[in-house]
Protein chains: 2
Amino acid sequence: MGTVSKALSLLAHFSCDKSEIGLSDLTRLSGMNKATVFRMMSELQQSGFVEQTGADRSYRLGPQVLRLAALREAAVPILSVSRQVLRDLSDEVGETCHLSLVQGMQLNSLSHAYSPRHATKVMLEDAEVLAFHATASGLAVLAYSNTAFIDAILTSPLSSHTPDTITQPGKIRAQLDQVRTCGIAESIGGFEAEVHSHAVPVFGPDCQPIGALAVAAPASRMTAAQKDLIPQALHRAGASLTHSTGGMPPASYPVFTKT
Amino acid sequence: MGTVSKALSLLAHFSCDKSEIGLSDLTRLSGMNKATVFRMMSELQQSGFVEQTGADRSYRLGPQVLRLAALREAAVPILSVSRQVLRDLSDEVGETCHLSLVQGMQLNSLSHAYSPRHATKVMLEDAEVLAFHATASGLAVLAYSNTAFIDAILTSPLSSHTPDTITQPGKIRAQLDQVRTCGIAESIGGFEAEVHSHAVPVFGPDCQPIGALAVAAPASRMTAAQKDLIPQALHRAGASLTHSTGGMPPASYPVFTKT
DNA sequence: CCGCATGGTTCATTATTTGAACAGGCGGTT
DNA sequence: AACCGCCTGTTCAAATAATGAACCATGCGG
């Protein structure tokens, strides 16, 4: 593993609940020598990717990532285009909606819209990492991914997030087949207990999924009417988002019909 | 210069009007050997910071920067907090408003609000790099920066963006003194011809400026009423933004009074 | 067909990275 | 006051990775 990759892997340790990390913690998390971590973080800091903060001099992500994200959005405006789609969908179905993007072997939930209709709602952390096998979003993406990607995901460790998480590759493959028949993935309590989620893939110009659009609701609120409304609204919103960002679904993606 | 810094410096070549760059172009821009650029870009790609696109395999910024920006915003929500402040200010003054953040020796305009009041408006590029000496935003930041930073900026090459750009350090220092008396910077045609800009600094928790909030308008629309309204509205909005993000102005920052 | 550009690759040489051991500061405990 | 355990930060001989000149394959325009 090259020096650049090692340095960048340090940035992967930051998360929503770990926004500031000290030198010794980074040393433990990364398994690298403290002097090595120190030197790499110093270079990342000089380049603006991290900055030191507080009396204990811990590190956090720096302002340069905002600039690069703005440039990325200028080129591929997936987040800004999705914002209105998420708001409209959330208003229509009255539940939490979110967009997740595939980033390597990871699925990151990057944009959310919350409905004011209920005080109790499913909340997601910023840049939350979702498990492919345990979430509707992940299953939606996998169902339309190439075989090599599916194999890679299903041969990596599949952790149990709740007692309801399906972790056997055979059963997951059967779930993927089910997604392919109707174009929507569904997960009940697979990632978060008592959360019922639906998701559709969002496709790029190469007909490969770049992410997923999902509705997440407390299972107790899934009435027959909601079970009818959510798939239809989600399918339309997903198609709209794919289209708005210059993507196109594969020929095998089903045109939605009422269940 | 370390290997990590060199690799990250490749990312600095991306801009709004250069969102995709080929291997040979990056080699020319960076002055590094093509094999070195190739290896570094490959590592950046494996880490999700860039991706290759199109038939010519050129590079563009990758999805990982979206995730890091989301995490940075979760920790320091400067862009999301500023969004409403910019919208309100833009509605009030009827002109383009934008927030720029200091990133090392650079000032990047990262968030904008446009007013629908006029068809003709000042447009900014995404993540546009502003010149400290030639912009109201830059002057607002410099006026409250430490002496070493001011010296560093004024001893670096100061380019002439328009015939009206002031490039003599002595004159710029006089401008900074003027900003310090009233807490607002003003620039007429210094960066963009016929654009009249006002800006106030936005302060961090350490009373140092982290960026600037600006109003940019065509000079022809600067009526006496606007010349009265804009400084007042801008001063309030800047104070609000500083406060909302946990910052505080230095004791020397003037409490605004009507001119 | 040729010249020139592109993206991509190789491997002997060179430069950089590495990490064990160390330093100083701070807070808590005795 | 002294000591301990942790933190951030530093050094430099040894080890490892990076480097770049030269090369390859492909595509395009004249």
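Atoms considered below: every heavy atom in the structure, side chains included; atoms not considered: hydrogens, waters and symmetry mates. By convention in this document, chain letters (A, B, ...) are assigned in the order of the sequence lines, proteins followed by strands, and residues within each chain are numbered from 1.
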- Task: Starting from the C-alpha separation in whole Å, work towards a yes-or-no answer on side-chain contact (heavy atoms from CB on, under 4.5 Å) for B:Leu110 and B:Leu99.
- Result: CA-CA 6 Å; B:Leu110 290 179; B:Leu99 173 75; over 6 Å; no
Could you check how far [atom1] of [X] sits from [atom2] of [N], rounded to whole Å?
X: B:Met40; N: C:dT9; atom1: CE; atom2: P; value: 17 Å
X: B:Phe38; N: C:dC11; atom1: CZ; atom2: P; value: 16 Å
X: B:Leu29; N: C:dT6; atom1: CG; atom2: C1'; value: 15 Å
X: A:Asp56; N: C:dG27; atom1: CG; atom2: C1'; value: 13 Å

Check whether any side-chain N or O of [X] sits under 4.0 Å from OP1 or OP2 of [N], and answer yes or no.
X: B:Gln52; N: C:dG8; result: yes
X: B:Tyr59; N: C:dT6; result: no
X: A:Thr3; N: D:dA18; result: yes

N/O donor to acceptor pairs below 3.5 angstrom from side-chain atoms of residues 237-245 of chain B, sequence neighbours left out:
residue	atom	partner	partner atom	Å
B:Thr242	OG1	B:Phe203	N	3.0
B:Thr242	OG1	B:Gly238	O	3.3
B:Ser244	OG	B:Ser240	O	2.8
B:Thr245	OG1	B:Leu241	O	2.8
B:Thr245	OG1	B:Thr242	O	3.3

- Could you list the residues that satisfy side-chain hydrogen bond (donor to acceptor under 3.5 Å, both in side chains) with B:Thr162, not counting sequence neighbours?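 B:Thr165.
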- Would you please name every residue forming a side-chain hydrogen bond (donor to acceptor under 3.5 Å, both in side chains) with A:Asp25, sequence neighbours left out?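 With neighbours one apart ignored, the set is A:Arg28.
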- Query: Which pairs, with at least one residue in residues 37-53 of chain B and sequence neighbours excluded, count as a salt bridge (charged side-chain N to carboxylate O under 4.0 Å, His left out)?
  - Reply: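 Matches after skipping sequence neighbours: A:Arg72-B:Glu51, B:Glu51-B:Arg60.
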- Sub-6.0 Å ring centroid separation between A:His235 and A:Tyr253: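 Yes, the ring of A:His235 comes within the 6.0 Å limit of the ring of A:Tyr253, centre to centre.
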- Message: What verdict does the side-chain contact (heavy atoms from CB on, under 4.5 Å) test give for A:Phe132 and A:Leu107, after you've listed the backbone C-alpha separation in whole Å, the side-chain angles of each residue and the deciding distance to 0.1 Å?
- Response: CA-CA 7 Å; A:Phe132 279 101; A:Leu107 189 62; 3.9 Å; yes
- Item | DNA chain D contacts among residues 17-26 of chain A, heavy-atom distance under 4.0 Å |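 A:Gly22, A:Leu23, A:Ser24, in order of number.
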- Query: Counting only heavy atoms not in B:Met105, do more than 12 sit closer than 6.0 Å to its CE atom?
  - Reply: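 Yes, enclosed.
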- Item | Check against salt bridge (charged side-chain N to carboxylate O under 4.0 Å, His left out), B:Arg67 and A:Asp126 | CA-CA 9 Å; B:Arg67 172 172 182 270; A:Asp126 293 284; over 6 Å; no
- Annotated protein contacts, base or backbone, on nucleotides 20-28 of chain D with a non-hydrogen cut-off under 4.0 Å, one of B, S, - each: BB-------
- Message: Under 4.0 Å, heavy atoms only, any strand: does B:Met41 hit a base, just the sugar-phosphate, or nothing?
- Response: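 Counting heavy atoms under 4.0 Å across all strands, no contact is made by B:Met41.
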- Item | Earlier contact from the 5' end, DNA chain D, for A:Arg28 and A:Val4 |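 Its nearest nucleotide lies further toward 5', so the answer is A:Arg28.
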